[in-house]
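Everything numeric here is computed off the predicted structure, so don't read it as measured data. Note that ligands are numbered from 1 as they come in the structure, with each ligand's atoms numbered from 1 the same way.
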Amino acid sequence: MTVIRPDRRHLLLAGGALALSGCDGLVRNAQAQCTVKKAEQVSKRTQRALARDALAPEYEEKDISKDFRANGSVDPSAAEYRALKANDFRDYQLIVDGLVETPLALSLAELRGLPSRTQITKHDCVEGWTSIGKWKGARLSAVLNRARLKPEAKFVVFHCFDALDQTEDGERYYTSVDIREAYHEQTILAYEMNDEILPIKHGAPIRLRLERQLGYKMAKYIKRIEAVESFAHIGRGKGGYWEDRGYEWYAGI
Ligand SMILES: Nc1nc2c(c(=O)[nH]1)N[C@H]1C(S)=C(S)[C@@H](COP(=O)(O)O)O[C@H]1N2
Ligand SMILES: [Mo]
């Protein structure tokens, strides 16, 4: 009986365990090798997936910074924002649109009713300072599940109320993440900081928290979340206000 050696190159090219249906047709010895290879590939893929989805470190109450720094916009002057603020954000609605089956307009009460997460994490700004804070918010995954992303959606873009130059027609802050980051467990739309309603200077009524990237990815004053296939049509096309000015799009810490 001839033992057919599994073609290594073929196995590598197959790229994923699911594509490796070839094991079945092989004689026993080759089948065993094939199965081992399959298991190795699955474990490599799992390791990569775990590294990508790993949780950022979380801290204890005692670690919370006494004076969490505020940065960038700290009190948007846009008329639309000031009007909402004047009424304690009772009329605020988070718009979720773009490549979704069900566009949403969620009130703060609705956001508070969604599955939430609380996390004490370290914020790391590209300018070289860090602060530790406690955040509570709706899981972005819950919001996106409700809106039902279309299969073409690859990124979500956060459109904010503020312009850094504080003029009415100034370019508004925006940034974006891919769907995988959007679904990460620590990606939340925070409405509370240190057990209190999110303060204006930290992004009221809603700011993004994701904990494995730098501060500039964490949009404050979110007005609208847009699911897109590409961000070529937004701003200068690099996926964010600072990204358009030379910062990395993936700002891993
Ligand atoms: N809308 C908006 N979001 C923003 C910014 C901004 O100017 N506008 N600055 C970013 C930067 S550079 C940092 S470090 C954090 C600061 O968040 P904090 O004010 O809560 O510390 O917000 C980020 N998100
Ligand atoms: Mo920052």
Atom 24 (N) of ligand 1: closest protein heavy atom, distance to 0.1 Å, is M218 O, 2.9 Å
Can R207 be said to sit on top of W135's aromatic six-ring, NZ or CZ under 6.0 Å from centre and within 45° of the ring axis? yes
Honestly, for Y241 the part within reach of ligand 1 (heavy atoms, under 4.0 Å) is neither
For C125, atoms of ligand 1 separated by under 4.0 Å from a heavy atom: 14 (S)
Qualifying residue, where the test is side-chain hydrogen bond (donor to acceptor under 3.5 Å, both in side chains) with D75 and the options are K201, K85, Q166: K85
Among protein heavy atoms, which sits nearest to atom 14 (S) of ligand 1, and what does the distance come to when rounded to 0.1 Å? H123 NE2, 3.2 Å
Would you mind listing which atoms of ligand 1 come within a distance below 4.0 Å of any non-hydrogen atom of D162? 1 (N), 2 (C), 6 (C), 7 (O), 8 (N)
Is any side-chain heavy atom of K136 less than 4.5 Å from a side-chain heavy atom of R117? no
Between W242, Y216, Y174, flag the one that comes closest to atom 11 (C) of ligand 1 by a heavy atom. Y216
Heavy-atom contact under 4.0 Å between K201 and ligand 1? yes
Salt-bridge contact E211-K122 (side-chain N to carboxylate O under 4.0 Å): no
Using the ring of each side chain (for Trp, its six-membered ring), is F231 parallel, tilted or perpendicular to F155, with breaks at 30° and 60°? tilted
Give the residue and atom name of whichever protein heavy atom lies nearest to atom 23 (C) of ligand 1, and the separation in Å to one decimal. G215 O, 3.2 Å
Show the atoms of ligand 1 that are less than 4.0 angstrom away from any heavy atom in C160. 1 (N)
Strictly below 4.0 Å, N to O, side chains only: are K134 and D195 in salt-bridge contact? yes
Does a side-chain N-to-carboxylate-O contact under 4.0 Å join R245 and E243? no
Sub-4.0 Å heavy-atom approach of W129 to ligand 1: yes
Would you check if there is a donor-acceptor pair between the side chains of E110 and Q93 at a distance under 3.5 Å? no
Which residue holds the protein heavy atom closest to atom 10 (C) of ligand 1, what is that atom called, and what is the gap in Å? Y173 OH, 3.5 Å
Out of H159, H202, K223, who gets a non-hydrogen atom closest to atom 18 (P) of ligand 1? H202
Atoms of ligand 1 under 4.0 Å from any heavy atom of Y221, numbered from 1 in the order shown, are 1 (N)
Report the part of N71 (side chain from C-beta onward, or backbone N, CA, C, O) that has a heavy atom under 4.0 Å from ligand 1; answer both or neither where that applies. both
For atom 7 (O) of ligand 1, what is the closest protein heavy atom, and at what distance to 0.1 Å? S73 N, 2.9 Å
Classify the ring geometry of F89 against Y81: parallel below 30°, tilted from 30° to 60°, perpendicular beyond 60°. tilted
Is there side-chain contact between N71 and W129, with at least one heavy-atom pair below 4.5 Å? yes
Residues K238 and E248 bridged, charged N to O under 4.0 Å: no
Non-hydrogen atom of F161 closer than 4.0 Å to ligand 1: no
Taking only non-hydrogen atoms of G72 and a 4.0 Å limit, the atoms of ligand 1 in range are 7 (O)
Quick one: does A219 get within less than 4.0 Å of ligand 1, heavy atoms only? yes
Using a strict 4.0 Å threshold on nitrogen-to-oxygen distance, state whether D162 and K220 make a salt bridge. no
Does ligand 1 have any atom that is closer than 4.0 Å to a heavy atom of R207? yes
At under 4.0 Å between heavy atoms, which part of R69 makes contact with ligand 1: side chain, backbone, both or neither? backbone
Contact between T175 and Y241 at the side-chain level, heavy atoms closer than 4.5 Å - yes or no? no
Taking 4.0 Å as the limit for heavy-atom contacts, which would you say applies to K220 with ligand 1: side chain only, backbone only, both, or neither? both
L164 contact mode with ligand 1 (heavy-atom cut-off under 4.0 Å): side chain
